[in-house]
Amino acid sequence: MPISVADLRREYARARLDEANVSPDPITEFARWFDEAVKAEVQEPNAMTLATASPDGTPSARIVLLKGFDQRGFVFFTDHRSQKGTELGRNPRAALVFYWPELERQVRITGTTTTVEREESDAYFRSRPRGSRISAWVSHQSQVIGSRQQLENRVPELERKYPGDDVPLPPYWGGFRVAPGTVEFWQGRTSRLHDRIRYARDGEHWRIERLSP
Ligand SMILES: Cc1cc2nc3c(=O)[nH]c(=O)nc-3n(C[C@H](O)[C@H](O)[C@H](O)COP(=O)(O)O)c2cc1C
């Protein structure tokens, strides 16, 4: 029997989200949810969809890994010459989405992006395995290439150039930080009457609103 996509549905009943109990600060609330996702052994809890847009408004989205967050925002690392890097260079606005199915939770973030300081990108790059660092030199992310062979052929060349552990940070590689303007927490509830609590930046403060599901 063929699977009927339209008939795939699941009831959400694990938890509730109450504006009376959330932190006044979305980063604190995010830290709590992230911690719970880690404890629930969500697979790759730091995987998030990153949406960017070209200056004419054409959107594009892909998964990247969250590598840090604090009051300044949410950090990921990438090749700045990639499609996302080029788009953020010209239109520094982004959206992030986390989906943690085990917890029936989604977090949506919108904000403006800045480039992470060189020293911070360098420190992160140096923490990566040597193979990943070599690959960052081998790959010009998002460029069309003739074959996989072409890519693999460049590996020994770069390995000769950077023997040992000292594989430096490529000039085009580094982090972006998304400074949030809105952060929305979504908790699945029964019969699709889900809870949605959105924080919106209001000067120095955060306005907390409940949204209809
Ligand atoms: C689980 C997962 C994690 C990923 N993490 C990253 C990442 O942290 N940085 C990155 O540049 N690409 C990452 N990628 C690859 C991106 O999804 C994407 O293919 C690549 O960055 C090129 O995107 P662009 O052409 O839109 O710039 C990841 C993909 C997956 C599936």
Side-chain angles (χ1 to χ4, degrees), residues 27 30-31 33-70 72-103 105-152 154-155 158 162 167-180 183:
I27 303 297
F30 181 84
W33 276 35
F34 192 76
D35 205 41
E36 288 172 11
V38 172
K39 289 202 178 102
E41 297 183 3
V42 169
Q43 244 191 58
E44 297 206 85
N46 60 331
M48 56 186 186
T49 300
L50 160 74
T52 56
S54 65
D56 75 2
T58 307
S60 64
R62 79 292 285 154
I63 305 280
V64 294
L65 295 178
L66 178 72
K67 286 293 170 179
F69 66 92
D70 58 21
R72 295 171 299 168
F74 299 83
V75 171
F76 64 90
F77 292 91
T78 194
D79 185 329
H80 284 239
R81 306 165 303 177
S82 63
Q83 180 179 351
K84 72 182 97 47
T86 310
E87 289 185 356
L88 290 175
R90 300 181 65 195
N91 177 16
R93 287 180 290 187
L96 303 172
V97 185
F98 294 86
Y99 176 43
W100 296 318
E102 292 87 340
L103 297 176
R105 285 177 169 173
Q106 168 183 250
V107 181
R108 295 168 64 178
I109 296 160
T110 62
T112 52
T113 57
T114 50
T115 303
V116 163
E117 308 68 45
R118 195 92 193 125
E119 303 76 60
E120 194 179 330
S121 290
D122 191 51
Y124 173 67
F125 191 75
R126 284 176 195 283
S127 78
R128 302 175 83 214
R130 174 178 155 79
S132 309
R133 282 180 280 152
I134 291 284
S135 298
W137 281 100
V138 165
S139 163
H140 184 150
Q141 196 176 50
S142 311
Q143 289 288 104
V144 174
I145 47 172
S147 68
R148 180 170 181 93
Q149 200 56 49
Q150 220 170 297
L151 208 56
E152 288 181 2
R154 291 205 60 213
V155 173
L158 269 304
Y162 301 118
V167 184
L169 174 69
Y172 47 80
W173 203 95
F176 282 104
R177 177 175 282 114
V178 182
V183 184

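Atom set for the values below is all heavy atoms of this structure, side chains included, hydrogens, waters and symmetry mates excluded. All ligand and atom numbering here is 1-based and tracks the order in the structure.
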CG on L103 to CD on E36, rounded to 0.5 Å:
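If we round to the nearest 0.5 Å, E36:CD and L103:CG are 7.0 Å apart.
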From CG (N91) to OG1 (T112), nearest 0.5 Å:
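Interatomic distance, N91 CG to T112 OG1, rounded to 0.5 Å: 11.0 Å.
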What do we get for E44 next to ligand 1 when only non-hydrogen atoms under 4.0 Å count, side chain, backbone, both or neither?
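The answer is the side chain of E44.
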Y172 and H140: aromatic ring centres closer than 6.0 Å?
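No - the distance between ring centres of Y172 and H140 does not fall below the 6.0 Å cut-off.
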Quick check: F30 with F74 (ring centres under 6.0 Å apart)?
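Yes - the distance between ring centres of F74 and F30 falls below the 6.0 Å cut-off.
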If you count the atoms of ligand 1 from 1 in the order shown, which ones are under 4.0 Å from a heavy atom of S82?
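So the atoms of ligand 1 that pass are 27 (O).
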Proximal ligand 1 atoms for Q83, defined as those under 4.0 Å from one of its heavy atoms:
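Taking each heavy atom of Q83 in turn, ligand 1 has 24 (P), 25 (O), 26 (O), 27 (O) under 4.0 Å.
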Out of Q43, Q141, E87, whose heavy atom sits nearest atom 12 (N) of ligand 1?
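When every heavy atom of Q43, Q141, E87 is considered, Q141 comes closest to atom 12 (N) of ligand 1.
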Can you tell which of I63, L88, L66 gets a heavy atom nearest to atom 4 (C) of ligand 1?
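Among I63, L88, L66, the closest heavy atom to atom 4 (C) of ligand 1 belongs to I63.
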Can you check whether D79 has an N/O within less than 3.5 Å of an N/O in ligand 1?
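N/O-N/O distance below 3.5 Å does not exist for this pair.
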Are any of the N/O atoms on V64, whether in the backbone or the side chain, positioned under 3.5 angstrom from an N/O atom of ligand 1?
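No, since none of the N or O atoms of V64 sits under 3.5 Å from an N or O of ligand 1.
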What is the nearest protein non-hydrogen atom to [atom], stated with its residue, atom name and distance?
atom	value
atom 8 (O) of ligand 1	L65 N, 3.1 Å
atom 11 (O) of ligand 1	T78 OG1, 2.6 Å
atom 25 (O) of ligand 1	S142 OG, 2.5 Å
atom 21 (O) of ligand 1	K84 NZ, 2.6 Å

Angle class for the Y162/W137 ring planes (parallel below 30°, perpendicular above 60°, tilted otherwise)?
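The rings of Y162 and W137 sit tilted, inter-plane angle from 30° to 60°.
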Decide, yes or no, whether a salt bridge links D122 with R118 under the criterion of side-chain N to carboxylate O below 4.0 Å.
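Looking at R118 together with D122, the answer is no, because their closest N to O distance does not fall below 4.0 Å.
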Under 4.0 Å, counting heavy atoms only: does F77 come that close to any atom of ligand 1?
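The answer is yes, since F77 has a heavy atom less than 4.0 Å from ligand 1.
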Under-4.0 Å heavy-atom contact between protein and atom 19 (O) of ligand 1
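So far as the 4.0 Å threshold goes, atom 19 (O) of ligand 1 is out of reach of every protein heavy atom.
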How about [X] and [Y]: does a side-chain donor come under 3.5 Å of a side-chain acceptor?
X	Y	answer
T110	R108	no
K84	T78	yes
T52	E87	yes

